[in-house]
Each structure stands twice: as structure tokens, then as C-alpha cells.
Amino acid sequence: LVGPPAKDVWISTFHALGGEIMRREMPRGRPFVIYDAADCAGVVKECLRERNDGDKRYDTGAIIARISHAKNAMTSPDALVPEGEGNEYDDLAAWVFPRYEAALQRLHALDFDDLILWPLKRLQEDAGAREAWRQRIRFMLVDEFQDTNRAQLLLVKALVGEAGNVFCVGDDDQSIYGWRGADI
């Protein structure tokens with residue numbers, strides 16, 4: 001309906017945008033793979049074997065959820081719950097988190113949260129890349145803004161810069177992703 005001007009319009013999710021930034025900005029010769037939930041669970045299980053808790057079985061999903069929440073809040077799991085006030089899984093996630101990150105790095109793998117965090121870090125640290133992306137994305141509209149997390153907000157800010165050409169649509173009464181780290 002729009003015609004030729006539509007070729008300059010880009011519609012994506014945060015994660016697809018992050019993946020595109022990574023594909024274009026990742027140093028040549030440094031391949032990476034994106035791990036899905038099953039792959040991440042396997043990494044957590046491997047970390048838990050190192051812990052050597054005998055036959056004790058843990059809910060890897062609960063551990064991954066805590067790690068994901070920490071990543072999206074841009075903090076570490078042990079900072080989410082004051083020491084002594086957490087439960088067994090909070091303490092376990094704090095123990096697994098650095099080992100999980102080291103394993104992902106060793107495997108040249110990224111989890112879903114890294115699709116936001118890696119591009120954000122790149123844009124914060126590399127002025128040339130940041131300016132190139134700001135030129136590419138001169139105007140941004142973010143829908144369902146009430147369901148964004150801290151890392152996504154910082155990615156938006158890094159992309160729009162001082163021009164601030166961003167339009168956000170959201171309704172705080174419709175926020176449904178607090179369990180996933182959304183922070184109105």
C-alpha cells in the first residue's frame with residue numbers, strides 16, 4: 001500500500017533487531033550460535049554436574065528464569081535477592097550464573113537474552129557502530145512498550161541517541177510480562 005518508500009521501513013522484534021546488529025557487527029571469523037531453551041537447559045545441567053550435589057535433581061527452568069531475569073535487569077542473580085533472604089534456587093542461580101556464562105562463551109553460543117545484551121554493549125562501546133545504526137534507524141516506534149525490560153530500554157536509547165526520535169505505545173494496565181523482567 002505504501003509503495004517504494006516502504007523499502008526503507010524495517011519491522012522487527014527487539015530480538016530480531018539485536019540478531020541483525022550482531023550479524024553486521026560481530027567481528028569476521030567469529031561465528032556464533034544462538035541457543036534455544038533446550039540448549040540452555042543442557043548448559044545449566046552441565047554446570048550442576050560440576051557442583052556434585054549427588055543425586056539431587058533441580059528444576060533447570062527455575063534456574064534459567066532467574067539468570068534470564070538478572071540479565072534483563074542487567075544485574076547478577078545474587079544482587080536480585082539480598083543474601084540470606086533468598087531461597088535455595090536464588091542461591092543456586094547465583095552459583096550457576098558465572099559458570100553458565102563461561103560455558104556459553106567457550107561454546108561461542110548466545111542465549112535469547114544475549115540478543116539484546118550483546119548489541120547493547122557493542123553500541124555503548126563503539127561510537128562508530130552506534131552512529132552508523134543511528135543513521136540507519138532515524139525514527140523508531142516501539143509498540144507494547146509496557147512489556148519492555150531495562151536492557152531493551154537501554155537498547156532503544158542507544159539507537160535513537162540525542163535526537164530522541166522514538167514513539168512508544170503502551171498501556172501500563174496491560175503489562176503481562178513482569179514475570180519475564182518487564183519493568184514499566
Side-chain angles (χ1 to χ4, degrees), residues 12-19 21-22 26 30-125 142-158 168 170-184:
S12 76
T13 64
F14 276 108
H15 294 90
L17 173 60
I21 292 171
M22 290 180 63
M26 185 70 75
R30 185 158 179 239
F32 65 92
V33 64
I34 300 168
Y35 273 15
D36 64 13
D39 296 322
C40 293
V43 172
V44 168
K45 287 176 185 175
E46 194 61 39
C47 293
L48 290 171
R49 280 197 258 308
E50 180 185 326
R51 189 173 168 96
N52 198 14
D53 278 348
D55 291 336
K56 190 160 187 176
R57 298 201 184 269
Y58 295 104
D59 178 355
T60 56
I63 296 167
I64 291 169
R66 284 166 173 81
I67 291 171
S68 178
H69 187 71
K71 284 181 151 188
N72 287 319
M74 301 184 71
T75 187
S76 60
D78 56 335
L80 293 178
V81 179
E83 192 171 330
E85 293 182 28
N87 63 33
E88 177 183 23
Y89 276 93
D90 296 329
D91 296 337
L92 195 55
W95 185 88
V96 168
F97 186 64
R99 290 158 180 84
Y100 172 82
E101 286 294 292
L104 290 180
Q105 189 170 27
R106 185 177 66 256
L107 297 163
H108 299 278
L110 303 161
D111 64 19
F112 201 57
D113 300 312
D114 292 328
L115 292 176
I116 304 297
L117 297 174
W118 191 93
L120 174 59
K121 183 177 180 187
R122 175 72 174 181
L123 294 174
Q124 288 173 333
E125 294 175 354
V142 181
D143 195 16
E144 303 296 344
F145 197 72
Q146 75 276 0
D147 289 325
T148 58
N149 60 44
R150 177 171 169 70
Q152 291 166 336
L153 173 63
L154 292 175
L155 182 60
V156 167
K157 287 181 172 186
C168 299
D171 180 351
D172 57 353
D173 287 332
Q174 292 185 23
S175 182
I176 60 170
Y177 289 109
W179 60 271
R180 195 175 68 184
D183 182 8
I184 262 177

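The basis for the numbers below is simple: all heavy atoms, side chains too, and nothing from hydrogens, waters or symmetry mates.
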Are the side chains of R51 and L92 in touch, meaning some heavy atoms are under 4.5 Å apart? yes
Separation of W118 CH2 from L123 CG (nearest 0.5 Å): 8.5 Å
Heavy-atom closest pair (P119 atom, G18 atom, distance to 0.1 Å) is CG-O, 3.3 Å
Heavy-atom check, side chain of Y100 versus side chain of C40, under 4.5 Å: yes
Quick one, D111 and K71 - any side-chain contact, counting heavy atoms below 4.5 Å? yes
Kindly indicate whether the side chain of Q152, heavy atoms from C-beta on, has any atom under 4.5 Å from the side chain of V142. no
Can you tell if the side chain of H15 reaches within under 4.5 Å of the side chain of I116, non-hydrogen atoms only? yes
May I have the step-by-step check of side chain to side chain contact (heavy atoms under 4.5 Å, CB included) for F14 and L115, ending in yes or no? CA-CA 8 Å; F14 276 108; L115 292 176; over 6 Å; no
Spatial distance of atom CD1 (I63) from atom CG (D90) [nearest 0.5 Å]: 11.0 Å
Between the CG atom in D59 and the CD1 atom in I64, the distance rounded to the nearest 0.5 Å is 9.0 Å
Would you say the side-chain atoms of E101 pair up with the backbone N or O of P98, donor to acceptor, closer than 3.5 Å? no
Considering all heavy atoms, the nearest A151-L120 contact: O-CD2, 3.9 Å
Min side-chain heavy-atom separation E46-R49 under 4.5 Å: yes
From D113 CG over to L104 CG, what is the distance, rounded to the nearest 0.5 angstrom? 10.5 Å
Applying salt bridge (charged side-chain N to carboxylate O under 4.0 Å, His left out), can you list everything that pairs with E50, at least two apart in sequence or on another chain? R99
For E88, does its backbone N or O pair with a side-chain atom of D91 as donor and acceptor, under 3.5 Å? no
Not counting sequence neighbours, which residues clear side chain to side chain donor-acceptor pair (under 3.5 Å) with Y58? List them please. D53
Rounded to the nearest 0.5 Å, what's the gap from CG on L155 to CD on Q124? Could you check? 9.0 Å
Here the gap from F112 atom CZ to I34 atom CD1, rounded to the nearest 0.5 Å, amounts to 9.0 Å
Give the C-alpha distance, both sets of side-chain angles, the deciding distance and a yes or no for side chain to side chain contact (heavy atoms under 4.5 Å, CB included) between V156 and T148. CA-CA 10 Å; V156 167; T148 58; over 6 Å; no
Indicate the atoms forming the closest heavy-atom contact of P31 with H108, along with that distance. O-CB, 3.6 Å
Would a distance-only check, ignoring hydrogens and angles, find a side-chain to backbone donor-acceptor pair under 3.5 Å from D114 to L117? no
With E125 via salt bridge (charged side-chain N to carboxylate O under 4.0 Å, His left out) - residues at least two apart: none
